[in-house]
Amino acid sequence: MNQVPSGWIESKLGDFVKLKNGFAFKSKDYIDATENSVPVIRISDIQNGKALTDKASHVDQSKTDERFLINKGDLLIAMSGATTGKTGIYKSDKEAYQNQRVGNLKLVSEDTSCPRYRNYLIKSLQNEILKKAYGAAQPNISAKDLGDIDIMLAPFKEQNRIADKLDSVLGKVETAQVRLDKIPTILKRFRQSVLAAATSGELTKDWREENGIDLSRWKNSNIGELAEVKTGSTPLKSNKEFYLNGTVPWLTSTVTGQNLVTKAEKFVTTKAVEECRLKVFPSGTLLVAMYGEGKTRGQVTELGIEATINQACAAVLVDQSKANNNFIKLSIISNYEKTRLMAEGGAQPNLNLSKVRAISVNLPSDGEQLEIVRIVTELFSNIELVEKQYKEAKLRVEKVTQSILARAFSGKLFSPISNDEREAATVKTQSSQAPNIKSKQKETSQVSKDAQALKIENKFRSQIKIVSEPATEGAEEKISEVFKLLKGNSNGMSAQALFDSLSDNTFSAIDDLFSELKKLIEQKTVMQTGEGDSSTFKVAK
């Protein structure tokens with residue numbers, strides 16, 4: 001572990017939080033929400049750092065057990081499955097209960113521990129938790145796994161101080177994250193608008209006017225009239241001669257999530273191609289997914305290599321004398337939702353070759369097809385650039401969050417105030433009081449001293465960050481007092497020492513002091529050495 005800051009202790013997570021397991025509610029007991037029902041929080045209800053009840057399953061009040069009641073402010077964690085380790089804070093006033101495999105991370109000592117510090121601490125340990133969870137084939141985290149994680153634990157006052165700072169800093173990061181998360185939806189809508197405009201003629205309205213072409217020249221057609229549509233098959237899996245050392249790319253519908261297929265993950269042998277009568281399709285062939293309940297069915301991709309396919313794909317070989325291959329691809333993409341609705345079947349609706357052939361195409365002239373493809377390609381290129389920038393920005397935000405949390409829980413977010421500094425600050429404060437007050441302070445109990453030290457500590461919560469602000473009334477007198485103190489100390493003084501030495505009514509917050517120091521530095525009358533909490537200020541020579 002890292003070097004332990006003063007006042008912190010090396011500990012185990014289990015010494016700070018205890019994992020409370022949930023109750024195995026029976027699926028037959030789940031009912032629609034009524035006046036007498038209560039929500040049950042399951043793993044699926046933990047989303048984006050929150051434990052939500054809006055889509056939660058309900059049970060009758062009589063089926064509950066008070067031991068599994070969730071309180072407002074509880075931190076819940078997914079203990080198994082693909083999302084093991086994700087956490088959510090329960091912020092609702094509604095009565096809710098904890099389902100099996102949803103853990104409740106309770107503080108061991110609620111009187112001497114900060115819940116917000118706990119929440120941030122668990123967030124900082126996400127990678128460590130995932131390492132523990134994915135040690136087996138089935139992701140799973142246990143109370144023992146969590147309890148054994150090494151941590152450095154800050155004292156109670158420092159926990160609140162750290163939580164306050166993280167609330168402020170990460171609140172700004174979260175605002176940036178919320179704005180970033182809107183981008184994919186905006187880009188999706190823009191892409192859909194481009195496709196709709198492209199296949200309706202709106203996108204090339206000006207082009208038609210310039211070329212004296214009317215929209216009435218567009219023709220209603222379909223894939224079957226413009227292309228040959230075929231499918232593939234799956235060679236017998238038990239016959240190793242069909243697969244062992246295969247060299248012919250064999251694709252399934254999973255590749256339709258790509259824009260262009262340039263490599264294969266599965267291969268078959270030439271023996272399989274010959275005996276199973278597999279068709280090897282040329283580069284440029286369009287593949288349409290015919291199976292899949294998720295997003296797959298109806299997706300289209302283009303072959304960038306020669307390959308054969310299985311029966312879940314339809315290969316569309318466009319007759320280049322009738323239509324532009326790229327325009328047909330855009331038309332199929334534009335028809336995605338309509339194509340999906342054409343599927344038939346029970347639990348797993350599928351398309352067939354006839355359905356693919358029936359996909360409608362609104363066909364313009366050859367020249368207009370090329371112009372549409374050119375404009376759409378350019379616009380989509382811009383979208384892809386924005387998507388790349390979005391992903392990079394999102395990654396930076398995530399790294400910033402983890403970096404801040406790592407500093408916070410290693411004692412490096414800011415320097416804790418030592419007992420010596422607290423005592424010195426208390427003495428300086430006492431010595432600056434009027435004689436009658438000074439006499440009373442000599443008789444003060446240790447509790448009062450601690451309270452005064454805490455007051456000084458709270459003043460120093462802000463990180464050392466110089467922010468230029470406009471001069472306020474009386475600024476010259478403040479600068480003069482700061483300058484006099486620095487001039488009288490040839491070794492220089494820290495911001496905290498300056499703050500403690502100034503009269504109580506000089507500055508309302510240490511940030512104000514930094515604003516004045518900034519001005520003195522800009523005037524080149526004061527110089528700064530070091531950074532952050534280690535900064536020292538001296539009168540410039």
Side-chain angles (χ1 to χ4, degrees), residues 188 191-192 194-196 198-200 219-235 248-266 268 276-363 369 372-373 376-377 380:
K188 181 180 179 181
R191 185 182 278 105
Q192 290 171 339
V194 169
L195 289 169
T199 54
S200 66
K219 298 177 181 179
N220 293 323
S221 187
N222 58 54
I223 295 297
E225 294 176 351
L226 304 171
E228 185 179 4
V229 183
K230 297 184 177 182
T231 190
S233 64
T234 301
V248 181
W250 180 72
L251 307 175
T252 66
S253 59
T254 56
V255 300
T256 57
Q258 306 173 37
N259 181 56
L260 182 68
V261 181
T262 58
K263 61 181 181 180
E265 295 183 359
K266 298 178 180 180
V268 294
C276 300
R277 298 181 181 179
L278 296 178
K279 171 72 175 177
V280 178
F281 297 101
S283 176
T285 302
L286 304 179
L287 300 185
V288 179
M290 295 192 291
Y291 301 170
E293 181 54 33
K295 295 189 295 184
T296 304
R297 188 179 73 252
Q299 289 182 156
V300 60
T301 188
E302 181 180 351
L303 289 183
I305 57 174
E306 289 187 348
T308 187
I309 60 177
N310 75 348
Q311 66 278 7
C313 298
V316 177
L317 295 96
V318 178
D319 185 339
Q320 299 298 319
S321 66
K322 296 180 179 179
N324 180 279
N325 197 65
N326 290 323
F327 180 81
I328 296 300
K329 182 179 178 182
L330 292 178
S331 296
I332 297 174
I333 295 173
S334 180
N335 276 285
Y336 173 72
E337 294 297 342
K338 292 180 180 178
T339 301
R340 288 178 61 80
L341 294 175
M342 292 164 61
E344 296 178 348
Q348 184 78 1
N350 298 321
L351 297 169
N352 54 40
L353 295 183
S354 295
K355 299 291 185 183
V356 175
R357 292 187 182 102
I359 295 174
S360 63
V361 177
N362 203 8
L363 193 68
Q369 288 180 51
I372 288 171
V373 170
V376 171
T377 299
F380 277 14

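Since this is a predicted model, take the numbers as computed values, not measurements.
Side chains of Val318 and Leu286 form a contact here, defined as non-hydrogen atoms less than 4.5 Å apart. No side-chain heavy atom of Cys313 sits less than 4.5 Å from a side-chain heavy atom of Leu251.
Residues satisfying the side-chain hydrogen bond (donor to acceptor under 3.5 Å, both in side chains) criterion with Ser360, sequence neighbours excluded, are absent altogether. The side-chain hydrogen bond (donor to acceptor under 3.5 Å, both in side chains) check on Thr231 picks up nothing, with sequence neighbours excluded. Applying the side-chain hydrogen bond (donor to acceptor under 3.5 Å, both in side chains) criterion to Thr301, with sequence neighbours excluded, gives no partner residue. A search for side-chain contact (heavy atoms from CB on, under 4.5 Å) contacts involving Thr285 returns Phe281, Pro282, Leu287, Leu303, Ala315, Leu317, not counting sequence neighbours. A search for side-chain contact (heavy atoms from CB on, under 4.5 Å) contacts involving Thr308 returns Val248, Trp250, Val268, Leu278, not counting sequence neighbours. By the side-chain hydrogen bond (donor to acceptor under 3.5 Å, both in side chains) test, Ser283 pairs with no residue at all, sequence neighbours left out.
Taking CG from Asn222 and CG from Asn362, the interatomic distance works out to 12.0 Å, rounded to the nearest 0.5 Å. With values rounded to the nearest 0.5 angstrom, Leu226 atom CG is found 3.5 Å from Ser221 atom OG. Between the CG atom of Asn335 and the CE atom of Met342 there is a distance of 8.5 Å, given to the nearest 0.5 Å. Between the CZ atom in Arg340 and the NZ atom in Lys295 there is a gap of 10.0 Å [rounded to 0.5 Å]. Between the CD1 atom in Ile328 and the CD atom in Glu302 there is a gap of 12.0 Å [rounded to 0.5 Å].
Counting all heavy atoms, side chain and backbone alike, Ser233 lies closest to Pro235 at O-CD, 3.6 Å. Scanning both residues, Ala343 and Arg297, for their nearest heavy atoms gives CB-NE, 3.3 Å. In this structure, Ala198 and Ile372 approach most closely via the heavy-atom pair O-CD1, 3.4 Å.
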For residues 256-265, which side-chain N or O atoms pair as donor and acceptor with protein atoms under 3.5 Å away, sequence neighbours left out?
unit_1	atom_1	unit_2	atom_2	d
Thr256	OG1	Ser253	O	2.6
Thr256	OG1	Gln299	NE2	3.1
Asn259	OD1	Lys329	NZ	3.0

Pair up each side-chain donor or acceptor in residues 351-359 with any protein partner under 3.5 Å, not counting sequence neighbours, and list the distances.
unit_1	atom_1	unit_2	atom_2	d
Asn352	OD1	Ser354	N	3.1
Asn352	OD1	Lys355	N	2.8
Lys355	NZ	Glu344	OE2	3.0
Arg357	NH2	Val229	O	3.0

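Among Ile223, Asn220, Leu330, the single residue meeting the side chain to side chain contact (heavy atoms under 4.5 Å, CB included) criterion with Val361 is Ile223.
Residue pairs meeting the salt bridge (Lys or Arg N to Asp or Glu O under 4.0 Å) criterion with at least one partner in residues 220-231, sequence neighbours excluded, are Glu228-Lys230. Listed by first then second residue, pairs satisfying salt bridge (Lys or Arg N to Asp or Glu O under 4.0 Å) with a partner in residues 305-323 number zero, not counting sequence neighbours.
Looking only at distances, no side-chain donor or acceptor of Arg191 sits under 3.5 Å from a matching main-chain atom of Phe380. In terms of modelled atom types and a separation under 3.5 Å, the side chain of Gln369 and the main chain of Asn324 share a donor-acceptor contact.
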